[in-house]
Amino acid sequence: MADLTATRPASRSFPVLKVNGSAVVMVIYLAFLLIPIYWLLTMSLKTNSEILGGFSLVPQNPTIANYVTILTDASWYMGYVNSLIYVVMNTVISLAVALPAAYAFSRYSFLGDKHLFFWLLTNRMAPPAVFALPFFQLYSSVGLFDTHIAVALAHCLFNVPLAVWILEGFMRGVPKEIDETAYIDGYSFPKFFVKIFTPLIASGIGVAAFFCFMFSWVELLLSRTLTSVDAKPIASTMTRTVGASGVDWGVLAAAGVLTIIPGALVIYFVRNYIAKGFALGRV
Amino acid sequence: MEKTVNQKAWFLVLPVLVLVAFSAIIPLMTVVNYSVQDSFGQNQFFWAGLVWFEDLLHSERMWDALGRQLFFSGAILAIEVPLGVFVALNMPKKGLWASVCLVLMSLPLLIPWNVVGTIWQVFARTDIGLLGYTLDSLGINYNYTQNAAHAWITIIVMDVWHWTSLVALLAYAGLQSIPNAYYQAARIDQASRWAVFRYIELPKMMGVLMIAILLRFMDSFMIYTEPFVVTGGGPGNATTLLSIDLVKMALGQFDLGNAAAFSIMYFLVILAISWVFYTVMVNLDKRDTK
């Protein structure tokens with residue numbers, strides 16, 4: 001009897017040991033996602049001779065020399081600055097034009113609205129490879145080649161439709177009565193839009209901004225085609241590591257790790273809205 | 001929601017129109033222009049009619065690339081959609097672990113595409129990569145730069161690694177929107193796990209899954225950077241997908257007429273297939289709001 005009462009609390013204190021199928025699936029999946037990233041990280045902490053010389057799961061003599069190389073060399077870190085400049089420019093432009101348009105699509109029906117909406121989406125479907133050459137010629141002919149604004153405008157091709165799409169989804173969720181009440185109260189359209197409507201869809205704007213940031217940050221083909229020196233993005237700076245003496249693996253890995261950081265930072269802030277954003281505000 | 005008819009709404013759309021006209025219509029017109037002309041250098045162009053398109057339809061190179069592209073998109077959709085749904089079903093519903101999973105799963109989505117390529121190129125190398133080294137020491141003669149099948153497996157696994165989370169996140173969002181009452185009703189009916197999935201979860205996820213399929217189809221059909229970094233289209237032409245071929249033609253060989261005709265065909269194929277998905281999606285949307 002005494003034994004029985006003694007074992008009971010003990011068995012209750014080990015719920016962790018119960019095999020949970022879902023947890024196993026998630027652990028396997030997350031391991032699959034993280035192992036390649038981990039490998040990049042360890043490589044960035046090794047010297048080239050260690051990378052090529054032997055095989056080890058953990059760096060034997062961790063070094064930050066690779067990061068120092070990048071952060072002290074202007075031709076390296078300017079790549080990050082350039083990327084960030086055009087990404088931010090693109091996000092601002094995309095949101096500025098997409099906000100009124102998304103409002104129009106979510107509130108009014110007008111001549112050709114459905115066709116227009118699909119036509120906008122077709123730009124999201126356009127392969128960047130198709131546009132690479134004409135963009136190059138267009139921006140060269142107007143003297144914008146190798147400027148940040150050229151890349152920012154080029155990325156609008158896919159970011160504006162996406163921003164309109166996401167914002168429209170969020171705006172649809174705001175009841176129309178709010179608009180009508182505001183107009184009755186004597187608000188003009190711009191005042192209503194800025195003072196009342198924008199705060200209501202603040203999370204939608206955040207998500208749209210995040211997506212513009214993300215797709216502009218990860219794109220390479222157009223940003224590489226449209227720049228040569230002054231606005232060269234980090235992604236194409238990375239190809240520099242392939243030199244006459246072979247590839248500088250350590251620096252390449254360190255540069256790769258540094259490109260992951262901005263994404264990882266912003267993702268933390270929007271973690272609860274990511275899924276809703278990918279669902280274009282329709283969940 | 002009932003929408004008011006208001007033609008003045010066009011003014012709100014105008015900025016978008018101007019911007020997209022600049023960044024889409026003008027370049028697209030250039031492409032159309034090139035596709036019907038021939039050049040003998042010195043910037044002199046001649047009307048060539050539909051010659052380039054005829055060439056294109058008879059070009060084995062294009063059909064091969066299209067075939068590879070369709071195979072690639074089909075393969076990754078067939079893997080990523082079921083896998084993504086499966087992962088979503090196993091994700092923790094709320095609390096700290098849900099946040100941790102969301103953040104970690106989104107990580108691959110935010111890595112620049114050439115870095116994704118680099119990660120896998122390094123990861124799969126037999127001399128310095130964990131995957132390649134492991135396979136090699138297991139006695140598997142793995143070499144993605146020489147063997148076409150290995151190159152294909154590598155880029156498909158890479159894409160699954162890169163994008164399955166997108167499908168999972170969308171499916172997860174769909175699952176979160178199912179009211180608890182549905183599950184309680186199912187429990188009262190003693191429905192099996194499969195029945196719950198088939199008749200409650202799947203129909204509720206359909207809308208977001210269509211978006212996932214649409215996005216994944218579009219992006220996989222335009223994929224360029226990641227396979228290019230990993231295999232460079234090789235070995236031979238084994239992994240030369242449409243975009244890789246097009247860039248080779250347009251920026252490498254400066255073969256404007258061919259490349260332009262190719263571009264137009266490429267765009268039309270994407271448009272046609274996406275239109276089907278889009279129509280299905282809009283119809284599902286309508287059915288849901290009713």
Side-chain angles (χ1 to χ4, degrees), chain A residues 22 25-26 29-30 33 36 39-40 43 51-52 55 97-98 100-101 103-104 107-111 122-123 125-135 137-138 153-154 156-157 160 164 172 176 214 217-218 220-221 235 252 256 259-260 263-264 267-268 271 274-276 278-280 282-283, chain B residues 1 3-7 9-10 12-13 15-16 19-20 23-24 26-27 30-31 87 90-91 99 101-104 106-108 110-115 118-120 123 128 130 133 161 166 169-170 172-174 177 207-208 211 218 222 224-225 243 246-247 250-251 263 266-267 270-271 274:
Chain A
S22 296
V25 171
M26 285 317 291
Y29 181 65
L30 290 178
L33 292 186
W39 195 246
L40 189 75
M43 257 181 72
I51 294 171
L52 295 168
F55 191 86
V97 297
Y103 182 79
R107 287 295 190 264
Y108 302 117
S109 87
F110 46 94
L111 196 65
T122 61
N123 293 306
M125 299 163 192
V130 168
F131 285 88
L133 179 67
F135 268 161
Q137 294 180 326
L138 174 68
L153 284 175
C156 281
L157 176 71
V160 166
V164 172
R172 245 202 263 178
K176 220 177 142 191
M214 161 181 164
W217 178 253
V218 298
L220 172 71
L221 180 56
L252 181 72
T259 61
I260 302 178
I267 225 166
Y268 179 76
R271 62 188 181 284
I274 299 167
K276 194 171 179 191
F278 271 121
L280 308 162
R282 274 162 185 76
V283 181
Chain B
M1 194 187 330
K3 292 181 187 173
T4 0
V5 178
N6 183 348
Q7 303 300 347
W10 264 98
L12 295 172
V13 190
V16 165
L19 187 69
V20 176
S23 64
I26 298 177
T30 332
V31 175
V87 169
N90 285 302
M91 272 176 77
S99 297
C101 284
L102 280 175
V103 172
L104 290 182
S106 321
L107 212 51
L110 276 144
I111 300 177
W113 294 341
N114 69 316
V115 180
T118 310
I119 289 178
W120 279 86
F123 192 56
I128 57 172
L130 183 58
Y133 188 85
W161 176 83
L166 168 69
L169 286 176
L170 279 170
Y172 177 71
S177 69
V208 277
I211 297 177
M218 294 188 315
M222 316 183 216
Y224 170 79
T225 317
S243 273
L246 178 59
V247 171
L251 296 172
S263 301
Y266 187 3
F267 197 10
I270 292 200
L271 268 192
S274 298

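Every chain is numbered from 1, with letters handed out A, B, ... down the list of sequences.
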(request) Carefully, step by step, assess B/Tyr266 and B/Ser243 under the rule side-chain contact (heavy atoms from CB on, under 4.5 Å). (result) CA-CA 9 Å; B/Tyr266 187 3; B/Ser243 273; 2.7 Å; yes

(request) Working to the nearest 0.5 Å, report the span between CG of B/Leu246 and CZ of B/Phe267. (result) 12.5 Å

(request) For the residue pair B/Ile111 and A/Val218, establish whether any side-chain heavy-atom pair is separated by less than 4.5 Å. (result) no

(request) Check whether A/Leu153 gets within reach of chain B through its side chain, its backbone, both or neither, counting any heavy atom under 4.5 Å. (result) both

(request) Quick one: closest heavy-atom pair of A/Pro128 and A/Leu221, and the distance? (result) C-CD2, 3.9 Å

(message) Between B/Val247, B/Leu104, B/Leu130, who has the most heavy-atom pairs with chain A when the cutoff is under 4.5 Å?
(response) B/Leu130

(request) Go through the atoms of B/Ile128 and report whether side chain, backbone, both or neither lie under 4.5 Å from a heavy atom of chain A. (result) both

(message) Taking every non-hydrogen pair under 4.5 Å, which of A/Pro127, A/Ala129, A/Ala101, A/Ala126 racks up the most with chain B?
(response) A/Pro127

(request) Indicate yes or no: at least one non-hydrogen side-chain atom of B/Met222 is less than 4.5 angstrom from one of A/Val130. (result) no

(message) To check you understand the geometry: which heavy-atom pair defines the closest contact between A/Leu111 and B/Trp10, and what is its length?
(response) O-NE1, 3.1 Å

(message) Under a 4.5 Å cutoff for heavy-atom pairs, which residue among A/Leu30, A/Leu133, A/Val160, A/Val164 has the most contacts with chain B?
(response) A/Leu133

(request) Mind ranking A/Cys156, A/Ala98, A/Pro100, A/Gly263 by heavy-atom pairs under 4.5 Å with chain B and telling me who comes out on top? (result) A/Pro100

(request) Against chain A, work out which of B/Ser274, B/Pro15, B/Ala9, B/Ser23 has the most heavy-atom pairs shorter than 4.5 Å and name it. (result) B/Ser23

(message) Please classify the contact of B/Ser106 with chain A as side chain, backbone, both or neither, using a heavy-atom distance under 4.5 Å.
(response) both

(message) Only pairs of heavy atoms separated by less than 4.5 Å count here; which of B/Thr30, B/Ile26, B/Val103 has the most with chain A?
(response) B/Val103

(request) Can you tell which part of A/Trp217 gets under 4.5 Å to a heavy atom of chain B, answering side chain, backbone, both or neither? (result) both

(message) So which residue, A/Leu40, A/Leu33, A/Leu220, ends up with the most heavy-atom pairs under 4.5 Å with chain B?
(response) A/Leu33

(message) With heavy-atom distances below 4.5 Å as the criterion, would you say the side chains of A/Tyr103 and B/Leu12 are in contact?
(response) yes

(message) Please identify, among B/Trp113, B/Trp161, B/Phe123, B/Trp120, the residue contributing the most non-hydrogen atom pairs under 4.5 Å to chain A.
(response) B/Trp161

(request) Using a 4.5 Å cut-off on heavy atoms from C-beta on, say whether the side chain of A/Phe110 contacts that of B/Asn6. (result) no

(message) Contact between B/Tyr172 and B/Leu102 at the side-chain level, heavy atoms closer than 4.5 Å - yes or no?
(response) yes

(request) Check each atom of B/Thr118 against the heavy atoms of chain A and say whether the ones under 4.5 Å are side chain, backbone, both or neither. (result) side chain

(request) Can you tell which part of B/Leu19 gets under 4.5 Å to a heavy atom of chain A, answering side chain, backbone, both or neither? (result) side chain

(request) Please look at A/Met26 and chain B and tell me whether the side chain, the backbone, both or neither of the residue comes under 4.5 angstrom of a heavy atom of that chain. (result) side chain

